[in-house]
Amino acid sequence: MKLTLKLTTYSKLVILIIGICSLFLLLFLSLYLYTVQQEKDVFKDNSNQYKTEVNRLFDFNSKTQIVTINDLTYWDALVKFTNTKDTIWYNNYIANEFPTYEVDYISVYDLSKNFIVRSSNSKIKTKDFVPIQAMMHLYRNKSSRFYMRVPEGVVEVFGGTIHSSNDPKKIKTKPSGYFFMARLLDKKYFKNLEEITTSKIQLLNKVDTDTIGNKKVTSVIRLRDADNLVVAKLLFERPSHLNFERTKELLLIIVIATFFSLIGVFYYSRKWIYRPLRLITTILESDQEIAISHLKKEPGEFGYIGNLFDDHRRNRFQLEKSKEKAEESDNLKSTFLANLSHEIRTPMNAILGFSDLLLNENLSDEHKKKYLKIINSSGKSLVSIIEDLIEMSKIDAKQIAPKFKGLNIEKCLKELFNTLKVTIPEDKNIELYLLKNTYKLSGNVLTDEIKLKQVIVNLLTNAIKFTEKGHIAFGFSICPDNKFLEFRVEDTGIGISKKDLDVIFNRFRRIDDDYSISMSGLGLGLSISKAYVEMLGGHISVESVFGGGSVFKFTIPLLYDESEQNKNEVEFEIMQNDSEGKVILVAEDDNINFLLLKTILEKKNHKVIRAKNGQEVVDLSISNLDIDLIFMDIKMPVLDGYEAFEIIKKQKPESVIIAQTAHSSTEVKERIIKAGFSGYITKPLDKDKIYELINKVFQNDTIC
Ligand code: ADP
């Protein structure tokens, strides 16, 4: 049991195959031995049968001569001839009949063994060759058959004692002489005997034992003389029709085939079972990809297992990746929260701290102004954080779609240059350049102005943030294919290391060095920029030398605005005459917001009336004919800003109404303009923007 457990599947298979093959070989060996034995037995039986048959036929071949000699030797006239030796009688009755006796020689002897007469044909020339010994034996036995050598060859001799006719059995009377017949064992004799026995016959002088030929049965007949001594031997041979050789050949072929099958089985079991099993073990032990790809190439189930391993490996990698991502995003979230807390607390700290100082201390006007500036910029930082967060979540929820309109790119870049130039801190030794482009654009480019500006502002803000001295330059050029505009923002700032280049476009990613950490930021600017650029149909990239500055590039499709409206767009210069002393209805449910707006408006000598909800705005605006302008909060109790707007516009279509909202998204802005408001302001309120807007409204009536 223990041994079976230690053995591998392949070794078990090999043992099984060897076992089965050994069993087969044993079986074939027993069959072979059985066949050999069977062959011997059958051959022996056949040989014995053949010997008996040959002996019988051999005797049968001499039957005529034996009968003839028996018939002749109890004849009174022959008895008389042995006494008279009358040759005339002999010639008449015996010699004349000689050819019918089917022998080659006849001789007669008297009782004293003296030769009397003989007859022979041309085959036997010797006259008297029968030995006295033979006659002595014949006297005792009355008849005999023996063989002897004569000069002509070996002869078969038949002898019989001569008796009177009243003693056919030769037992009553004494013989009166001896009668011999002989025939030569010549070609004719053998041919005849071969025909009878259907054998091949050889006359041998020395053969001691029967030889068992491979494919022949044999029989040996010893030819003995009168004294029972062997004179010669006759070897009879007949082809054996037993074909055990075939069976043995067949068995040998089976053994060879089994041997080759064994080699084949070893080769293929190595290839089909051992190799794939080794691969599986390697995969399980060391998870080698190469082993999986080899296993996949195996035919049948192993290939399928290879595919499963591959799927499993891929899933595992994906899981690991997802896990890493989850962990990373978890880390990012924690860092982000810590970051966010820091980013909010810093300006909040400034706002609360300095407002506290403003409340409690006797300060000079200069100090007050300084503290208020700090509070103001901290508030702006807070708003920008909130806007970035909201923007990112909208991008995630795919709630943002670009609004394409014709844009004068050169003008837009000039405006940005002017706006951002003043934001460079005085303590930084930086020059800001707007790069001149050699190729003039032939018209307005179709793009989303707000998003394009946002991207450039983000890149420039970063450049200013991460550069202490040197220059920052930005501009655009037309790509060689004439299908894209390429914008670039370059600086001579701290630069970005290679490893950080891959991640800075990911959200909440900030470089983990002391300098970056010391700078404020949530790590959202570049990911929002990337999302915007892709939304506009372009691509953003960065090249940077750590410590040597960075170049951010992004593209947008170069599509000219073909619409007539834009071509004929008339640009109007805004008159800088301030509009003052108007009656303005402020619809605002929040007291602080109202107080702020009221203070801003009263600074320009406007008269401010308040409505606390939508219904009050409607009532006041319809009843009070002096109202020049309404600031309508969108989110109000009873009636919201849109509903109140619709009612007022129906009753007093000439009313000038500006929306004020806490939502800064493009969608909200679009909706406000679509509804027909004369303009909008977003919270937190910027007094300069408000004054500018009021001027525009009173000079042009509608701002879009
Ligand atoms: P943040 O609000 O933190 O600036 P951003 O997504 O805009 O987030 O930028 C991610 C990080 O990329 C920054 O924290 C800073 O480390 C790096 N970075 C961005 N612009 C530059 C630049 N011009 N020079 C050097 N580092 C920069």
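Both ligands and their constituent atoms are indexed starting at 1 by order of listing. Residue numbers run from 1 in the order of the sequence given.
- Atoms of ligand 1 found under 4.0 Å from any heavy atom of S550, numbered from 1 in the order shown, are 24 (N).
- The residue F505 has no part lying near ligand 1, judged by heavy-atom distances below 4.0 Å.
- A ring pair (Phe, Tyr, Trp, His ring centres under 6.0 Å) with F487 holds for exactly one of F554, F474, F552; it is F554.
- Looking at S655, its side chain never comes within 3.5 Å of a backbone N or O of K649 through a donor-acceptor pair.
- Qualifying side-chain hydrogen bond (donor to acceptor under 3.5 Å, both in side chains) partners for D491, counting only residues two or more places apart in sequence or in other chains: none.
- Close approach of ligand 1 to G525 (heavy-atom distance below 4.0 Å) involves ligand atoms 5 (P), 6 (O), 7 (O), 8 (O).
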(request) Before giving the answer on side-chain hydrogen bond (donor to acceptor under 3.5 Å, both in side chains), spell out for Y532 and E391 the whole-Å C-alpha distance, their side-chain angles and the decisive distance to 0.1 Å. (result) CA-CA 10 Å; Y532 278 177; E391 206 55 24; 2.4 Å; yes
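- Here's the thing with F552: none of its N/O atoms is less than 3.5 angstrom from an N/O atom of ligand 1.
- Any N or O atom pair closer than 3.5 Å counts here, and N462 shares at least one such pair with ligand 1.
- The heavy atom nearest to atom 6 (O) of ligand 1, considering only T492, L526, I385, V551, is found in L526.
- K607 contributes no side-chain N or O that, together with a main-chain N or O of G581, makes up a donor-acceptor pair within less than 3.5 Å.
- Not a single ring pair (Phe, Tyr, Trp, His ring centres under 6.0 Å) links H312 to another residue, sequence neighbours left out.
- To the nearest 0.5 Å, atom NZ of residue K612 and atom CZ of residue R610 are 5.0 Å apart.
- Side-chain atoms of K683 do not come within 3.5 Å of backbone N or O of N593 as any donor-acceptor pair.
- Residue-ligand proximity, K465 to ligand 1, at heavy-atom distances under 4.0 Å covers atoms 1 (P), 2 (O), 4 (O).
- Only the side chain of D491 comes within contact range of ligand 1, with a heavy atom under 4.0 Å; no backbone atom does.
- If you number the atoms of ligand 1 from 1 as listed, the ones under 4.0 Å from a heavy atom of I504 come out as 12 (O).
- Ligand 1 does not have G493 within reach: every non-hydrogen atom of the residue lies 4.0 Å or more from it.
- Atoms of ligand 1 found under 4.0 Å from any heavy atom of L524, numbered from 1 in the order shown, are 6 (O), 8 (O).
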